[in-house]
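See structure below.
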Amino acid sequence: GAATPPHRHDTEEVVVFLAGSGRATVGGREVRYAPGDTLILPANEVHQIFAETESEFVGAMPIGGTVTLP
């Protein structure tokens, strides 16, 4: 039931889901995730990840990026 806050980065972010399931909103569009899925988040796009089960993921983006709340 945990979620990230809605936020955006000034650089692209790539998220790889290792375990669990849930959903994410990206720019107002909702997508579902499961283990093995990859989510590519465009720069400056507001997004949020919602875990529906215990989840594990890895996110990668360039060092020095800025994260802001909408």
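- Phe50 CZ to Glu30 CD: the interatomic distance, rounded to the nearest 0.5 Å, is 7.5 Å.
- The pair Glu45-Arg8 does not count as a salt bridge, with every side-chain nitrogen at least 4.0 angstrom from each carboxylate oxygen.
- Not a single side chain to side chain donor-acceptor pair (under 3.5 Å) links Arg29 to another residue, sequence neighbours left out.
- Checking side-chain atoms of Thr4 against main-chain N and O of Ile49 turns up a donor-acceptor pair under 3.5 Å.
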Please evaluate residues Tyr33 and Ser55 with respect to the criterion side-chain hydrogen bond (donor to acceptor under 3.5 Å, both in side chains), reporting the C-alpha separation (whole Å), side-chain torsions for both, the decisive distance (0.1 Å), and the verdict. CA-CA 10 Å; Tyr33 73 81; Ser55 297; 2.8 Å; yes
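- There is a path of hydrophobic side-chain contacts, each under 4.5 Å, that joins Val31 to Leu41.
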Please report, to 0.1 Å, the donor-acceptor pairs under 3.5 Å made by any side chain of residues 9-17, with sequence neighbours excluded.
from, atom 1, to, atom 2, distance (Å)
His9, NE2, His7, NE2, 3.4
His9, NE2, Glu13, OE1, 2.8
His9, NE2, His47, NE2, 3.2
Asp10, OD1, Thr66, N, 2.8

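- Not counting sequence neighbours, Glu56 has no partner by the salt bridge (charged side-chain N to carboxylate O under 4.0 Å, His left out) test.
- Here Leu69 sits alone; no ILVMFWY side chain lies under 4.5 Å from its own, so it joins no hydrophobic cluster.
- Note on Leu39: it clusters hydrophobically with Phe57, by side-chain heavy-atom contacts below 4.5 Å among ILVMFWY residues.
- Glu54 CD: 12 or fewer foreign heavy atoms inside a 6.0 Å radius.
- Through direct or indirect side-chain contacts shorter than 4.5 Å among Ile, Leu, Val, Met, Phe, Trp and Tyr, Ile63 is connected to no other residue.
- Pro35 is linked by a side-chain contact (heavy atoms from CB on, under 4.5 Å) to nothing, counting only residues two or more places apart in sequence or in another chain.
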